[in-house]
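Just the heavy atoms: all of them, side chains too, but no hydrogens, waters or symmetry mates, feed the values below. For ligands, and for the atoms within them, numbers begin at 1 and follow the listed sequence.
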Amino acid sequence: MATNSKHPETVVLHAGYRSDPATNAVAVPIYQTTSFQFRDTQHAANLFGLAEMGNIYSRIMNPTNDVLEQRVAALEGGVAALALGSGQAASLFAVQNICHAGDNFVASTDLYGGTWNLFANTMKTMGIECRFVDPADPENFRRATDAKTRCYYAETLPNPKLTVFPIAQVAKIGREQGIPLIMDNTAAPVLCRPFDHGAAIVLHSTTKYIGGHGTSIGGILVDGGNFDWEAHKNRFPMLNTPDPSYHGAVWTQATKPMGPVAYIIKARVTLLRDVGAPMSPFNAFMFIQGLETLPLRMRVHCENANAVAKHLSANPKITKVIHPSLMTGEARKRADQHFSRGYGALVGFELKGGADAGRKFIEDLKMFYHVANIGDARSLAIHPASTTHSQLTAEEQAQTGVTPGYVRLSIGLEHIEDILADLDQALATA
Ligand code: PLP
């Protein structure tokens, strides 16, 4: 079914699959198998030589994962996707696919703490330099760029600041210099499509809204198919010169018959082959279930979050409520430019009483879960300074927008009156 022109509610139910070719099953089967039988030796040789696409081994591809990949690619408006074992693996693969030792990339300072650590520390040990810049001025990306810069990286709706990233502005700066923008769209599926604003690669931690029920860890990388890697040969030697790990394949040439998929094919057949980190077919099945209701859930998540933000703003114990619906000026302009279906379901706030009041508030919540996660159907709360961002120095925490008294809420799908009642009773003692 041609679903690219359909609405998200339809795409998530129909893209990439009609019924199982072997059994006619309507629900996507879980292909829990490591390996796939070759028809004959020629078939095996064709698959390994990329002369024919098909299943070889579930570390590299799997039919259940394939449906998820096609669906998320269609939802985002991309050409192909790669399911991975976690959002962290997706962030690493996104950059490592085009950066090697001696290269650099420019990333927004407003990132999930785990991504920050991966980029600032682990990738440094691999010889890849991450240059962090403040996205308040998009020109900071240009200023940090040199001949060895391979990509820009940012989050659509970074928490805790919850200021929508200037996707269109930074994508334009990148395209002027032949640099792709990679967007982590974990917090804003359906609400924002980064490819529509010029991004080249999108990734998600599917652990969050796509799964939606807090059951499974996963990630996905989506290729927009809109970046001309061949036109910038010097910047992307990894895609334009013979790859010794794949009998000298030049990825922009070898993948031409398949369409503009050089980036995502290379990620699959070299990085995923060598590093591992595949998504399990069972988790892919769970994410396919989650996807089916994603647009509906995002609508209710956003409605509830708007109501929470408004309600908390009237509480005298709170000094500041952070949610795009309450922003003004440039931040609001960016939100309205990039978001068409709501402002997301993450709400931050600071209590007058600082860190002690923040901790007490969290301990007094009765319905909200106190967990290190976002995007669950249930409402969640956390104190970032002592948890998700605790590995960062105080200075780094401040740069990412985490103050000692900051509390982050991930608003769920419960009835709004029950959500507000739990917040109010915990605030009463904070
Ligand atoms: N990106 C964002 C925005 C996240 O919030 C997270 C996890 O919290 C990740 C990536 C990493 O995802 P995962 O936990 O699936 O590895």
Using a 3.5 Å cut-off on N/O to N/O, what pairs does ligand 1 make with the protein? A line per pair would be great.
residue  : atom   : partner : partner atom : Å
ligand 1 : 1 (N)  : D184    : OD2          : 2.6
ligand 1 : 8 (O)  : K208    : NZ           : 2.8
ligand 1 : 12 (O) : S205    : OG           : 3.1
ligand 1 : 15 (O) : G87     : N            : 2.9
ligand 1 : 15 (O) : S205    : OG           : 2.8
ligand 1 : 15 (O) : T207    : OG1          : 2.6
ligand 1 : 16 (O) : G87     : N            : 3.1
ligand 1 : 16 (O) : Q88     : N            : 2.9

key: Close side-chain approach of R378 and V371, heavy atoms under 4.5 Å   = no
inquiry  = Are L409 and S379 packed together at the side-chain level, in the sense that at least one heavy-atom pair is separated by less than 4.5 angstrom?
reply    = no
query = So which heavy atom on L291 is nearest to which on V12, and how close?
reply = O-CB, 3.1 Å
message = Do T252 and N240 pair up side chain to side chain, a donor and an acceptor below 3.5 Å, judged on atom types alone?
response = yes
ask   = Does the side chain of D110 pick up a donor-acceptor pair with the side chain of S108 at under 3.5 Å?
value = no
task = Decide, yes or no, whether a salt bridge links E330 with K333 under the criterion of side-chain N to carboxylate O below 4.0 Å.
result = yes
